[in-house]
Engineer: 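The structure follows.
Every number for a ligand or one of its atoms is a count from 1 in the order of the listing.
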Amino acid sequence: MTAPFVIVGGDAAGMSAASKAKREGPDRDVIVLEKGEWVSYAACGMPYYVKGTVEDLEDLVAVTPEEFRQERDVDLRTGHEVVAIDPQAKTVTVEANGERFDQPYGDLLLATGARAIEPPFDGIDLEGVFTLRSMDEADAIEDYVTAVDPETATIVGGGYVGVEMAEALVERGVDVSIFEMLPHILQPFGEETARVVEDHLREQGVDLHLETAVEGFAGGDAVESVELADEGAVPADLVIVGVGVAPNVELAEEAGIELGPTGAIATDEYGRTNVADVYAAGDCAEATNAVTGEPDHVPLALTANRAGRAIGSTISDDPTPTGETAGTAIVKAFDLGAARTGVIDPERAREAGFDPVHVTIEAPTRPHYYPGATDLTVTLVADRESERVLGASLVGHEGTKRIDTVVTALTTGLTVSELQNLDLAYAPPFSPVWDPILTAAKVLV
Ligand code: FAD
C-alpha cells in the first residue's frame with residue numbers, strides 16, 4: 001500500500017491539494033495536519049468581516065472540516081502542529097493534545113503559508129495592537145472594535161491590507177490614520193495609481209501620512225498613542241500593523257530544504273523542492289515570474305490554490321505544472337478599485353534585462369453619451385525594442401478588472417501592437433469602442 005500523502009497546513013494550498021489528490025486517487029490516504037482550528041478559510045474576506053459586509057466569520061469558510069472528512073474522505077487533523085521533518089526516515093514530527101508522534105509520509109506538501117511581520121516596536125504587545133493574518137485575529141479585531149468603540153485608529157503600512165482595513169474601520173465610525181514609511185502607498189501598484197488612491201483616501205477622511213516612520217506604541221494596558229520618528233506622538237485607541245508578510249519556512253530550512261533568492265521555499269515547475277518527495281506551495285513557496293522568468297514570491301490566493309491543486313495531480317501520477325505568477329492583484333479602496341500585473345517598476349524591469357517604456361492615460365469606461373462613465377487611469381509598460389507588454393496598473397471607480405486583458409497579453413508574450421489589435425467586446429453600456437486598454441496600447445505603440 002502506498003504511504004500517505006501528508007500535507008502541512010490546511011488553507012488554500014493545502015486543502016486544494018488534498019481535494020485534488022482524493023479526486024485523482026481515492027484509494028490513497030491523504031492526511032492534513034493543521035495547527036489551528038480553521039481550515040479552508042478565505043483570509044481575503046477578513047477585512048469585510050470587520051467592516052460588516054460579511055456577517056459571520058464562519059461565512060468565510062469555503063468547505064467545512066466535516067465536509068472534508070465525510071464527503072471528501074480527507075483525514076483532516078486540526079490542532080496538529082508539525083514541528084520537524086525527517087526526510088531520510090520520511091516522517092514528520094507532530095505535536096497535538098500535549099503529545100508528540102511521528103507520522104510517516106510517501107509524499108509531503110509544505111503549505112505552511114506566511115505570517116504577518118511584527119517589527120520590534122515598543123509596545124507591540126499592548127492590548128488593541130493587532131496584525132491581521134488569521135481568522136482568530138479577525139475575530140479579535142471585530143470583538144475589540146465592538147467592545148471598545150475606538151474613536152481613533154492607526155494603521156501602520158499602506159499596503160493592500162492597510163487600505164482595506166482603513167475602509168472597514170471608517171465604515172465602523174472610527175477616525176483612521178495611515179502611516180506609510182515610503183513616498184507612496186500600494187508600492188507594487190506604481191506611483192501613478194498610488195497617487196489617485198491617496199487623493200481618494202483623503203477625500204474619504206483618512207489622515208494619510210507618507211514618508212512617516214512609526215517607532216512604537218504607548219499606553220497602560222491598552223494602546224493609547226503611536227510614537228512617530230519625527231513628529232512626536234498621536235493618539236490611537238486601536239492599531240493595525242500591516243507591514244507585509246514573511247513566508248513560514250523554518251520547518252523546511254531545518255530539514256535541509258532549500259530556500260530561493262526571495263527567502264521563500266525554492267521549487268521547480270511542479271512544486272518540487274530539492275528534497276525527494278517533498279513539495280511546497282502557496283505563500284511559503286516561490287513561483288516563477290511570468291515576465292522575468294525569475295523566482296518570485298507573490299503571496300496571493302490564486303497562486304496558492306492553483307499550485308496546491310497541481311501538486312494534488314502530480315502526486316497522483318499526472319504531472320501538472322504549478323503555473324507562473326504575474327503578480328496580479330486588485331484592491332478596493334472605498335469607491336475606487338486599483339489593479340496591477342507584471343513588472344511596473346522600471347528598476348526591476350531593467351534588472352530583468354528590459355528597457356522599459358511606459359504611458360499613463362485617462363480614458364472613459366463608457367462612451368460620453370452613455371450614463372455612468374468614469375475615468376480609468378491606465379499605466380501600461382512595455383519593452384522598448386521588442387515591444388513586449390511587461391505590466392500595467394489601473395485605477396478608477398469601475399472597470400479595473402480590465403487588468404485581466406493585460407495579464408493575458410503579458411502571459412502569452414504579446415507585443416503592444418498585438419494588444420492594440422485585440423478584438424475586445426464593445427457596446428455602450430460596457431465600454432467605449434476603444435476600450436481604455438486599447439487606447440493605452442495605441443498611445444504607447
Ligand atoms: P495560509 O492561508 O497562510 O495557510 C497556511 C496554514 O498553515 C495556516 O492555516 C497555518 O495555521 C498552517 N500552518 C503553518 N505552519 C504549520 C505547522 N507547522 N503545522 C501545521 N499547520 C501549520 N490574496 C488575494 O489573492 N486576494 C486578496 O484580496 C487577498 N486579501 C487578503 C486579505 C488579508 C487580510 C490577508 C491576511 C490575506 C489576503 N490574501 C489575498 C492572501 C491570501 O489569503 C493568501 O495568499 C492565501 O491564504 C495563501 O494560502 P496558503 O494556503 O499558502 O497559506
Engineer: Just to confirm my output: which protein heavy-atom neighbour is closest to atom 52 (O) of ligand 1, and how far is it?
Structural biologist: D283 N, 2.9 Å
Engineer: When you look at F217 and F121, which way does the ring pair (Phe, Tyr, Trp, His ring centres under 6.0 Å) test go after all the steps?
Structural biologist: CA-CA 7 Å; F217 314 114; F121 289 144; 5.4 Å; yes
Engineer: Considering G162, S40, A43 one by one, which has a heavy atom nearer to atom 33 (C) of ligand 1 than any of the others?
Structural biologist: A43
Engineer: In terms of residue, atom name and distance, what is the protein heavy atom nearest to atom 25 (O) of ligand 1?
Structural biologist: A301 N, 2.9 Å
Engineer: Does M15 reach ligand 1, in the sense of a heavy atom lying below 4.0 Å from it?
Structural biologist: no
Engineer: What part of V331, side chain, backbone, both or neither, has a heavy atom within less than 4.0 angstrom of ligand 1?
Structural biologist: neither
Engineer: Tell me the nearest of G308, A12, A329, G113 to atom 53 (O) of ligand 1, using heavy-atom distances.
Structural biologist: G113
Engineer: Atom 14 (C) of ligand 1: which protein heavy atom is closest, and how many Å away?
Structural biologist: T112 O, 3.3 Å
Engineer: Nearest protein heavy-atom contact for atom 29 (C) of ligand 1: which residue, which atom, what distance?
Structural biologist: C44 SG, 3.2 Å
Engineer: Looking at atom 3 (O) of ligand 1, what's its closest protein heavy atom, distance included?
Structural biologist: R133 NH2, 2.8 Å
Engineer: With heavy atoms under 4.0 Å as the rule, classify the contact between Y49 and ligand 1 as side chain, backbone, both or neither.
Structural biologist: neither
Engineer: Hey, is Y160 one of the residues with a heavy atom under 4.0 angstrom from ligand 1?
Structural biologist: yes
Engineer: Please check whether E81 reaches ligand 1 - meaning an N/O of the residue sits under 3.5 Å from an N/O of the ligand, judged on distance alone.
Structural biologist: no
